[in-house]
Every structure is written in C-alpha cells, then in structure tokens.
Peer 1: 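Structure in structure tokens, see below.
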Amino acid sequence: MSNLEVYASLVNGDLYPMHEKGEACQLFVTNFLGDDIRPPPKSITIKIKTESGKAVRIVIPNDQSSTVVFVDDVKL
C-alpha cells in the first residue's frame, strides 16, 4: 500500500486522479512508463528545488512499497 497520490488539476477546477493513495507504486510506474522497458525500471525519481533552497527528492519504487521522500538527502 502506497502513500502516493498523483492528480492533474484541470482548467475547470476539477481534479483528474492519476494514482490514488493505497494503490501500489508499481501501478504508477507501469502507467507512467509502460511495461515494455527492458531492463525494467527500479523507480521513478522526481527532484524539486524549493524557493528556500531545499532539495526535495521523491522516489517512486517499481514494487509494492511506499514512496520515499528526502529533503536535503534526509529521508522523511
């Protein structure tokens, strides 16, 4: 069970759910990249630098585990 929630904000104000909390992270990786990449991906990583200079890294594993979040390389 994952703690990942991904959605798109639509111009009409609605939200389009792309991955719901509780769904396996593996499902998100497969939907995002497809299932024909060889060798298979271990994860998807998203890096963000905040306005205050903090480095945020979100790792979405290609398995059943939860998303891992790091701020300035410290795991939360």
Side-chain angles (χ1 to χ4, degrees):
M1 179 161 107
S2 78
N3 56 351
L4 176 66
E5 193 173 355
V6 180
Y7 56 87
S9 298
L10 306 178
V11 295
N12 68 357
D14 290 343
L15 298 178
Y16 176 78
M18 299 170 69
H19 186 88
E20 295 184 13
K21 186 175 178 181
E23 293 179 328
C25 287
Q26 184 177 17
L27 179 61
F28 178 77
V29 172
T30 300
N31 287 340
F32 190 79
L33 296 174
D35 62 357
D36 59 351
I37 295 176
R38 296 292 174 248
K42 279 180 36 177
S43 63
I44 293 175
T45 301
I46 301 168
K47 291 183 177 181
I48 303 166
K49 188 77 133 191
T50 67
E51 289 184 15
S52 66
K54 298 249 185 226
V56 178
R57 183 167 39 113
I58 301 167
V59 180
I60 305 166
N62 190 16
D63 60 26
Q64 301 293 328
S65 60
S66 294
T67 304
V68 181
V69 178
F70 297 87
V71 175
D72 291 337
D73 287 325
V74 176
K75 184 177 177 179
L76 300 181

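Note: hydrogens, waters and symmetry copies are ignored here, and every other heavy atom, side chains too, is used.
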Peer 1: Taking all non-hydrogen atoms of both residues into account, name the closest pair between Q64 and A24 and its distance.
Peer 2: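 Scanning both residues completely, I find the closest heavy atoms to be OE1-CB, 3.2 Å.
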Peer 1: Can N62 and C25 be said to form a side chain to side chain contact (heavy atoms under 4.5 Å, CB included), step by step?
Peer 2: CA-CA 6 Å; N62 190 16; C25 287; over 6 Å; no
Peer 1: Could you state whether I60 and M18 fall into the same hydrophobic cluster, counting links through intermediate Ile, Leu, Val, Met, Phe, Trp or Tyr residues with side-chain heavy atoms under 4.5 angstrom apart?
Peer 2: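 I60 and M18: one cluster.
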Peer 1: Please answer: with hydrophobic residues joined when any side-chain heavy atoms are less than 4.5 Å apart, are F32 and I58 in the same cluster?
Peer 2: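 Hydrophobic grouping puts F32 with I58.
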Peer 1: Ring pair (Phe, Tyr, Trp, His ring centres under 6.0 Å): which pairs involve residues 5-25, sequence neighbours left out?
Peer 2: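 The answer is H19-F28.
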Peer 1: Grab the two heavy atoms, one from K75 and one from V68, that are nearest each other, plus how far apart they are.
Peer 2: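 Where K75 meets V68 most closely, the heavy atoms are CE-CG1, 3.8 Å.
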Peer 1: Please report the shortest heavy-atom distance between V29 and P61, naming the atom on each side.
Peer 2: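 Here V29 and P61 meet closest at CG2-O, 3.8 Å.
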Peer 1: For residues 33-50, please give each side-chain donor-acceptor pair under 3.5 Å, one per line with the distance, not counting sequence neighbours.
Peer 2:
residue, atom, partner, partner atom, Å
R38, NH2, D35, O, 3.4
T50, OG1, S52, N, 3.4
T50, OG1, S52, OG, 3.1
T50, OG1, G53, N, 3.4
T50, OG1, K54, N, 2.9
T50, OG1, K54, O, 3.4

Peer 1: When rounded to the nearest 0.5 angstrom, what distance separates CZ in R57 from CG in L76?
Peer 2: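 It is 11.0 Å, given to the nearest 0.5 Å.
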